[in-house]
Amino acid sequence: MLPLPNKDRVLYLFLDESGNLDFTPKGTKYFVLTCVGLTQPSPLLNTLHELKLSFLEDGQDCEYFHCSEDNKFVRRAVFRTIADNLNELSIDSLIVEKRKTIPPLRAYNRFYPRMLGYLLKHVLPRENFTRAKKIIVIADSYPDKRNRKAIEKAVQQTLSKMIGDSCPFRFYSHSSRSHLGLQVADYCAWAIFRKYERGDTSSYDRIEAVINSEFDIFRRGTTLYH
């Protein structure tokens with residue numbers, strides 16, 4: 001469980017998604033949006049940086065960590081490092097069974113901000129993150145370049161509603177290559193996604209202890225209205 005931040009520490013929330021937004025039968029069954037909370041300084045991120053350097057020294061061309069693309073050896077090492085530092089993490093995830101989403105909400109620039117809002121409702125109030133000196137929210141870059149500005153504006157509005165004036169915050173959309181925190185979120189999101197999409201909990205079991213919530217938005221047959 002992530003220690004509650006105080007006025008001398010900055011809280012980082014890293015957001016990553018797993019699954020695709022193809023709502024045809026060819027697409028994934030689930031879409032999973034995951035938030036990983038870390039405060040700085042972070043021994044976990046330092047250890048992961050050292051791990052990456054060790055791979056380079058061993059002759060492996062490891063530019064950055066990406067769970068679905070990393071080989072099994074790298075993946076095991078990264079999950080082992082995360083599992084050894086669970087006391088630094090706080091994980092929340094929103095689970096969407098895509099077929100239950102009504103058509104008007106399936107556009108990315110509407111779907112993503114709405115899902116983010118539902119996720120943050122579970123993250124921010126429960127942990128009282130407003131005690132932090134500042135909140136930095138970093139999401140993986142959006143693949144839809146045409147709608148990126150509209151999406152970022154919608155996310156900013158969502159965060160403003162959730163956080164308000166209680167704590168300064170900033171929101172950024174960065175490539176996952178740019179920050180080890182985003183790469184941790186990618187690994188955690190992948191593990192949770194595999195649990196729902198394929199029934200594989202081998203990686204999920206390693207992080208389960210610090211998963212605060214897995215909110216299945218349709219668990220009671222809820223319909224999202226526009």
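Along the sequence shown, residues carry numbers from 1.
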Colleague: Among residues two or more places apart or on two chains, list those pairs meeting side chain to side chain donor-acceptor pair (under 3.5 Å) that have a residue in residues 74-83.
Modeller: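 As it turns out, there is no side chain to side chain donor-acceptor pair (under 3.5 Å) pair with a partner in residues 74-83 once direct neighbours are skipped.
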Colleague: Fit a plane to each ring of F215 and Y118, take the angle between them on a 0 to 90° scale, and name the class: parallel (under 30°), tilted (30 to 60°) or perpendicular (over 60°).
Modeller: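 Taking Y118 first and then F215, their aromatic rings sit tilted (interplane angle of 30° to 60°).
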Colleague: As a quick check of understanding, evaluate side chain to side chain contact (heavy atoms under 4.5 Å, CB included) for L94 and V32, giving each step before the final call.
Modeller: CA-CA 6 Å; L94 181 78; V32 174; over 6 Å; no
Colleague: Can you tell me if D216 uses its side chain to pair, donor with acceptor, with the backbone of F218 under 3.5 Å?
Modeller: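 Flag set: sc D216 to bb F218 pair under 3.5 Å.
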Colleague: Quick check: does any side chain N or O of R106 sit under 3.5 Å from a backbone N or O of T101, one acting as donor and the other as acceptor?
Modeller: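 Yes; at least one donor-acceptor contact below 3.5 Å.
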Colleague: Got L13 and I138 here, is their nearest side-chain heavy-atom distance under 4.5 Å?
Modeller: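 Of all side-chain heavy-atom pairs linking I138 with L13, none is under 4.5 Å.
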Colleague: Quick one: do the D16 and T34 side chains pair a donor with an acceptor below 3.5 Å?
Modeller: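 T34 and D16 do not have a side-chain donor-acceptor pair below 3.5 Å.
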Colleague: A191 and I207: which non-hydrogen atoms are nearest, and at how many Å?
Modeller: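 The pair with the smallest heavy-atom distance is CB-CD1, 4.0 Å.
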Colleague: Within the side chain of D70, is there an N or O that forms a donor-acceptor pair under 3.5 Å with the backbone of H66?
Modeller: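 Answer holds: yes.
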Colleague: Which heavy-atom pair separates V210 from L89 by the least distance, and what is that distance?
Modeller: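 Closest approach of V210 to L89: CB-O, 3.9 Å.
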Colleague: So, for L86 and A209, which heavy atoms are closest and what is the spacing to 0.1 Å?
Modeller: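 Heavy atoms only, the tightest pair is CD1-CB, 4.4 Å.
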Colleague: To the nearest 0.5 Å, what is the distance between CZ on F193 and OG1 on T28?
Modeller: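 Here the interatomic distance stands at 4.5 Å.
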Colleague: Determine whether L51 and V78 satisfy the following criterion, side chain to side chain contact (heavy atoms under 4.5 Å, CB included), listing intermediate values before the conclusion.
Modeller: CA-CA 8 Å; L51 179 64; V78 173; 4.0 Å; yes
Colleague: Output the distance between atom CD1 (I91) and atom OG (S213), rounded to the nearest 0.5 Å.
Modeller: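 That separation rounds to 10.0 Å.
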Colleague: When rounded to the nearest 0.5 angstrom, what is the spacing between OG in S202 and CZ in R194?
Modeller: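 The distance works out to 7.0 Å.
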Colleague: Do F169 and K134 have side chains that get closer than 4.5 Å, going by heavy atoms?
Modeller: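 They are not in side-chain contact.
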Colleague: Could you go through residues 172-180 and list every donor-acceptor pair under 3.5 Å that involves a side-chain atom there, pairing it with any protein atom two or more places apart or in another chain?
Modeller:
residue : atom : partner : partner atom : Å
S175    : OG   : R177    : N            : 3.2
R177    : NE   : Y64     : OH           : 3.4
R177    : NH1  : E63     : OE2          : 3.4
S178    : OG   : S175    : O            : 2.6
H179    : ND1  : G181    : N            : 2.8

Colleague: Can you name the nearest heavy-atom pair linking V36 to A185, along with the distance?
Modeller: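 Answer, listing the atom of V36 first, then A185: CG2-CA, 3.7 Å.
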Colleague: Considering all heavy atoms of both residues, which atom of V184 and which atom of I82 are nearest to each other, and what is their separation?
Modeller: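 V184 and I82 have their closest heavy atoms at CG1-CD1, 4.2 Å.
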Colleague: List the steps, then state whether side chain to side chain contact (heavy atoms under 4.5 Å, CB included) holds for S90 with D92.
Modeller: CA-CA 7 Å; S90 177; D92 292 88; 4.0 Å; yes
Colleague: Do the side chains of L11 and K133 get nearer than 4.5 Å, heavy atoms only?
Modeller: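 With C-beta onward as the side chain, the pair stays apart.
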Colleague: Is there a side-chain contact between L33 and L116 (heavy atoms, below 4.5 Å)?
Modeller: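 Touching, per the 4.5 Å side-chain cut-off.
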Colleague: Would you say K98's side chain and N20's backbone share a donor-acceptor pair under 3.5 angstrom?
Modeller: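 Answer holds: yes.
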Colleague: Report yes if the side chains of E17 and D140 come closer than 4.5 Å at any heavy-atom pair, otherwise no.
Modeller: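 E17 does not reach D140 side chain to side chain.
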Colleague: Exactly one of F79, F14, Y204 should register a ring pair (Phe, Tyr, Trp, His ring centres under 6.0 Å) with Y187. Which one does?
Modeller: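 So the option named by the test is F79.
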Colleague: Are any of the side-chain nitrogens in R99 or E97 under 4.0 Å away from the carboxylate oxygens of its partner?
Modeller: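 So R99 pairs with E97 through a salt bridge.
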Colleague: If only side-chain N and O atoms count, and only distance matters, is there a donor-acceptor pair under 3.5 Å linking S42 with E88?
Modeller: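 Result is yes, a qualifying pair exists.
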Colleague: Between T47 and H49, does any side-chain donor sit less than 3.5 Å from a side-chain acceptor?
Modeller: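 On atom types as modelled, these side chains do not qualify, holding no pair under 3.5 Å.
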Colleague: Report yes if some heavy atom in the side chain of I211 is under 4.5 Å from a heavy atom in the side chain of I192; otherwise report no.
Modeller: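 I211 reaches I192 side chain to side chain.
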Colleague: Ring centroid separation for F111 and F31, is it under 6.0 angstrom?
Modeller: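 Yes, close enough.
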Colleague: List the steps and the verdict of side chain to side chain contact (heavy atoms under 4.5 Å, CB included) for T39 and Y12.
Modeller: CA-CA 6 Å; T39 54; Y12 284 80; over 6 Å; no
Colleague: Under the 3.5 angstrom rule, does the side chain of R110 hit a backbone N or O of P104 as a donor-acceptor pair?
Modeller: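 It does hold such a pair.
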Colleague: Short question: side chain of E197, backbone of K29 - any donor-acceptor pair under 3.5 Å?
Modeller: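 Yes, the answer is positive, given that a donor and an acceptor are paired below the 3.5 Å cut-off.
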